[in-house]
Amino acid sequence: MALFTDIPSHSPLLFDDCGCWGEREEGFAVEISDEVEGGVVVAVVVVFVMGGAKAWMFSVVSVNLNGSVLSNKHVCWRWRSSAAQQSKPISWSLVFGLMLFSLGIVSLFTGHVVSDLDWYSRRLVKQKLYFKLDGSNKGPIDIWKSENGKSFYGCSKRSRKFPHAVRERSSNGYLLIAASGGLNQQRTGISDAVVVARVLNATLVVPELDHNSYWKDNSDFVNIFDVNWFISYLVKDVTIVKKVPDKFMRSMEKNPYSMRVPRKSPPEYYLDQVLPILKRRRVLQLTKFDYRLANNIDEELQKLRCRANFHALRFTKPIQELGQKLVLRMREMAIRFIAVHLRFEPDMLAFSGCYFGGGDKERYELAEIRKRWETLPDLDADGERSRGKCPLTPHEVGLMLRALGFANDTYIYVASGEIYGGEETLRPLRDLFPNFYTKEKLANEELKPFLPFSSRLAAIDYIVCDESDVFVTNNNGNMARILAGRRRYMGHKRTIRPNAKRLSSLFMERDKKDWDTFARKVKAVQRGYMGEPDEMRPGRGEFHEYPYSCICKKNGDPESEQVRGNQGLKNRSKEEEPVLGAKGDEQVFLI
């Protein structure tokens with residue numbers, strides 16, 4: 001392996017020790033290893049770019065099979081002009097040539113072919129883009145909006161190759177869906193049901209909503225969503241009807257067959273296990289339908305998921321009008337505002353298994369509520385908090401926002417149901433942000449027709465949170481995930497998710513720190529939790545929260561290119577115009 005070190009004295013590559021280039025500004029490394037005559041040879045090629053200068057390092061390490069190092073050689077050199085000692089631009093073809101030569105030597109000795117060479121080469125050429133998108137850029141972040149977000153937009157338009165939906169008479173049967181949970185949990189089930197109907201070539205019957213969940217809301221689909229818009233918007237994708245025709249039902253010898261599919265089932269499961277039953281019985285009901293479809297499916301089906309969720313599911317006119325009125329009233333008071341989804345209701349706290357400092361009274365009350373879920377295990381409250389599984393208290397949410405840089409006069413809209421502890425729990429947050437508003441405070445009499453229906457109230461909160469300049473979640477629940485995904489799709493509108501695992505220790509020790517130190521640490525731990533485009537990665541979390549197949553990068557950007565392999569963001573022509581956040585003034589607060 002002396003080949004790497006035998007450099008002629010007249011070579012313009014001047015040998016130096018391995019610390020010659022000082023601090024790296026940008027870098028890239030390729031490592032290949034294989035076994036050679038009882039040892040392991042590792043060859044590493046490193047290219048560093050520092051200003052205009054280029055430097056390379058080859059490292060050759062020989063290791064016995066027992067792990068002991070036989071030899072370790074590092075060679076570093078810079079490219080310099082042999083005449084004027086001035087730096088010259090190096091063609092990338094030379095870089096690739098050196099890489100190919102080095103990797104070829106390894107293949108020659110080992111008998112293997114380096115199959116990932118193309119991937120490495122492409123990544124080397126595009127290193128500047130990846131440097132920006134992988135979170136390495138530690139520049140200041142505007143807490144009100146994402147500067148990088150304006151380069152992306154939602155792109156769920158169906159392709160020309162996506163066949164039209166089969167007609168009702170030609171379909172494999174009628175698919176009935178019984179959604180489960182609250183409004184936003186049911187929303188995920190409805191979106192997934194559209195995709196499943198497409199996979200099965202079935203006629204989808206407008207889904208039934210859950211009337212027996214914790215929220216006890218007897219609203220039907222038509223009371224919350226615009227059913228005619230839902231059917232017409234998806235007409236090219238799936239045939240949807242309001243009910244199974246009476247004539248067809250009367251002709252059936254048996255009642256519709258009901259079954260529950262496993263969670264996160266792939267399309268293949270539906271084709272293998274569900275389709276034969278549908279063909280045989282002609283009418284099939286899938287019960288408890290929430291999160292019953294896998295996250296990673298075909299791209300065209302993912303886009304259909306987005307069309308159903310972000311476009312077809314439109315609220316009814318009364319809900320939409322009142323929601324927009326509340327947004328307008330917030331805008332009349334402030335150019336921009338924050339919406340906070342506290343999710344500090346008794347059921348949420350009981351389900352979490354956490355303790356929030358309310359003494360024996362709190363422990364008893366939450367334990368009684370927790371009995372409603374028979375399968376929940378006993379949890380260690382301190383352990384759950386240290387793992388970041390506990391929602392922040394309203395006071396902690398306020399402290400986080402103030403530490404990030406939101407001023408005392410910032411207007412906030414609080415979306416929530418019944419807050420555990422009532423006004424006493426909310427008072428610390430009100431003290432930190434006196435311009436504190438809720439739907440009850442903004443609407444008053446107009447809200448009365450909606451009060452008996454928790455899902456319709458949740459829909460009003462959904463609209464205001466979606467239209468806010470900044471949306472702050474307080475847990476990883478259904479509304480938080482659905483709205484986070486929608487705001488990414490609508491141009492990466494600023495969405496703040498507390499890094500609860502890291503913040504919990506800061507809150508426990510906040511009395512020991514001065515405010516500036518505490519604020520600096522909060523800003524540090526919240527990086528990566530601010531709704532930036534570089535938080536998107538294929539396979540990360542629920543697709544409804546990270547809809548990577550439905551987000552594209554605008555053309556015209558000098559760095560515009562497909563980055564699906566790293567982020568799940570794609571470059572496409574302008575299929576759809578993005579709906580960006582509301583306009584605000586030019587004042588910028590940075591973290």
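Excluded from the calculations below are hydrogen atoms, water molecules and symmetry mates; all remaining heavy atoms, backbone and side chain alike, are included.
Asn408 is listed as a side-chain neighbour of Arg402, based on a closest heavy-atom distance under 4.5 Å. Between Phe337 and Val464, the closest side-chain pair of non-hydrogen atoms falls below 4.5 Å. Two residues are said to be in side-chain contact when any heavy atoms from C-beta on lie closer than 4.5 Å; Met333 and Asn435 fail this criterion. Two residues are said to be in side-chain contact when any heavy atoms from C-beta on lie closer than 4.5 Å; Asn223 and Thr316 fail this criterion. Annotation: side chain of Ile190 is not in contact with side chain of Ile177 (no heavy-atom distance under 4.5 Å). A heavy-atom distance below 4.5 Å is not found between the side chains of Phe225 and Ile319. Two residues are said to be in side-chain contact when any heavy atoms from C-beta on lie closer than 4.5 Å; Ile496 and Met400 meet this criterion. Inter-residue side-chain proximity for Asp217 and Asp210 is flagged as unmet; no heavy-atom pair is nearer than 4.5 Å.
The distance between the ring centers of Phe356 and Phe344 falls below 6.0 angstrom. For Tyr462 and Phe315, the ring centers are positioned less than 6.0 Å apart.
For the pair Lys513 and Phe518, the NZ or CZ position fails the cation-pi test of under 6.0 Å to the six-membered ring centre and within 45 degrees of the ring normal. Seen from the ring of Phe289, Arg292 does not count as a face-on cation partner, given the 6.0 Å and 45° thresholds. Remark: Arg494 is not positioned above the aromatic ring of Trp144, lacking an NZ or CZ atom under 6.0 angstrom from the ring centre and at most 45 degrees off the axis.
The number of heavy atoms from other shown groups lying within 6.0 Å of CZ (Arg329) is above 12. Taking a 6.0 Å sphere around CZ of Phe351, one finds it holds 12 or fewer heavy atoms contributed by other residues, nucleotides or ligands.
Closest non-hydrogen pair, Asn474 versus Leu342, comes out as ND2-O, 2.7 Å. Closest of all the heavy-atom pairs between Phe543 and Asn295 is N-OD1, 2.9 Å. Taking all atoms of both residues into account, the shortest heavy-atom contact from Tyr489 to Ser156 is OH-OG, 2.7 Å. Pairing each heavy atom of Ala381 with each of Cys390, the nearest pair is O-SG, 4.3 Å. Contact detail for Tyr233 and Ala312: the closest heavy-atom pair is CD2-CB, 4.0 Å. Of all heavy-atom pairs spanning Ser219 and Ile224, the tightest one is CB-CD1, 3.9 Å.
Checking side-chain atoms of Arg305 against main-chain N and O of Gln302 turns up no donor-acceptor pair under 3.5 Å. With hydrogens and angles disregarded, no donor-acceptor distance shorter than 3.5 Å links the side chain of Glu345 to the backbone of Glu418. Checked by atom type and distance alone, the side chain of Gln526 never pairs as donor or acceptor with a backbone atom of Leu404 at under 3.5 Å. A donor-acceptor pair under 3.5 Å links the side-chain atoms of Glu535 to the main chain of Gly531, judged by distance alone. With hydrogens and angles disregarded, no donor-acceptor distance shorter than 3.5 Å links the side chain of Lys216 to the backbone of Phe453. Checked by atom type and distance alone, the side chain of Thr438 pairs as donor or acceptor with a backbone atom of Lys441 at under 3.5 Å. With hydrogens and angles disregarded, no donor-acceptor distance shorter than 3.5 Å links the side chain of Lys439 to the backbone of Ala458. Side chain of Glu147 to main chain of Ile141: no donor-acceptor pair is present (N/O by atom type, distance under 3.5 Å, no hydrogens or angles).
Partner of Ser146 under the side-chain hydrogen bond (donor to acceptor under 3.5 Å, both in side chains) criterion, chosen from Lys493, Arg487, Arg488, Glu532: Glu532. When each of Thr473, Asp461, Leu183 is tested with Met479 by the rule side chain to side chain contact (heavy atoms under 4.5 Å, CB included), just one qualifies, namely Asp461.
Between the CG atom in Asp226 and the CZ atom in Phe221 there is a gap of 8.5 Å [rounded to 0.5 Å]. Expressed to the nearest 0.5 Å, how far CD1 of Ile419 lies from OG of Ser416 amounts to 3.5 Å. Atom CE of Met490 is separated from atom CD1 of Ile551 by 10.5 Å, given to the nearest 0.5 angstrom. To the nearest 0.5 Å, atoms CZ (Arg385) and OG (Ser352) are separated by 8.5 Å. Between Ser265 atom OG and Asp192 atom CG the span is 10.5 Å, to the nearest 0.5 Å.
Every residue two or more places apart in sequence or in another chain that forms a salt bridge (Lys or Arg N to Asp or Glu O under 4.0 Å) with Asp347 is listed here: Arg343. Checked against salt bridge (Lys or Arg N to Asp or Glu O under 4.0 Å), Glu384 has the following partners two or more places apart in sequence or in another chain: Arg387.
A donor atom on one side chain and an acceptor atom on the other are not found under 3.5 Å apart for Asn184 and Arg187. Counted by atom type alone, Asp431 and His395 present zero donor-acceptor pairs between their side chains at under 3.5 Å. Of the N and O atoms on the side chains of Asp514 and Thr517, at least one donor lies less than 3.5 Å from an acceptor on the other residue. Side-chain N/O atoms of Gln185 and Asp290 include a donor and acceptor closer than 3.5 Å.
Ring geometry, Tyr291 versus His544: the interplanar angle exceeds 60°, so the pair is classed perpendicular (tilted spans 30 to 60°). The aromatic rings of Tyr411 and Tyr437 lie parallel to each other, with less than 30° between the two planes, well short of the 60° mark.
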### Query
Checking salt bridge (charged side-chain N to carboxylate O under 4.0 Å, His left out) for the pair Glu542/Lys264: CA distance, chi angles, key distance, verdict?
CA-CA 10 Å; Glu542 298 288 341; Lys264 308 294 178 63; 2.9 Å; yes
### Task
Test side chain to side chain donor-acceptor pair (under 3.5 Å) on Asn478 and Arg481 and set out the steps.
CA-CA 5 Å; Asn478 293 294; Arg481 287 197 291 263; 3.3 Å; yes
### Message
Between His492 and Asn148, does the side chain to side chain contact (heavy atoms under 4.5 Å, CB included) criterion hold? Intermediate values first, please.
### Response
CA-CA 8 Å; His492 288 281; Asn148 293 326; over 6 Å; no
### Message
Is there a side chain to side chain contact (heavy atoms under 4.5 Å, CB included) between Phe230 and Leu313? Walk through the geometry before answering.
### Response
CA-CA 6 Å; Phe230 179 70; Leu313 285 175; 3.8 Å; yes
### Query
Between Lys512 and Glu509, is a salt bridge (charged side-chain N to carboxylate O under 4.0 Å, His left out) present by the stated rule, with each step listed?
CA-CA 5 Å; Lys512 301 177 183 178; Glu509 299 175 357; 5.5 Å; no
### Query
Can Leu209 and Asp220 be said to form a side chain to side chain contact (heavy atoms under 4.5 Å, CB included), step by step?
CA-CA 6 Å; Leu209 300 190; Asp220 291 320; 5.6 Å; no
### Task
Take Leu401 and Thr410 through the test side chain to side chain contact (heavy atoms under 4.5 Å, CB included) and record every step on the way to the result.
CA-CA 10 Å; Leu401 292 175; Thr410 301; over 6 Å; no
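If you check the gamma sulfurs of Cys155 and Cys552, they are less than 2.5 Å from each other.
The side chain to side chain donor-acceptor pair (under 3.5 Å) analysis of residues 419-429, with sequence neighbours excluded, yields the pairs Glu365-Tyr420, Glu423-Arg430.
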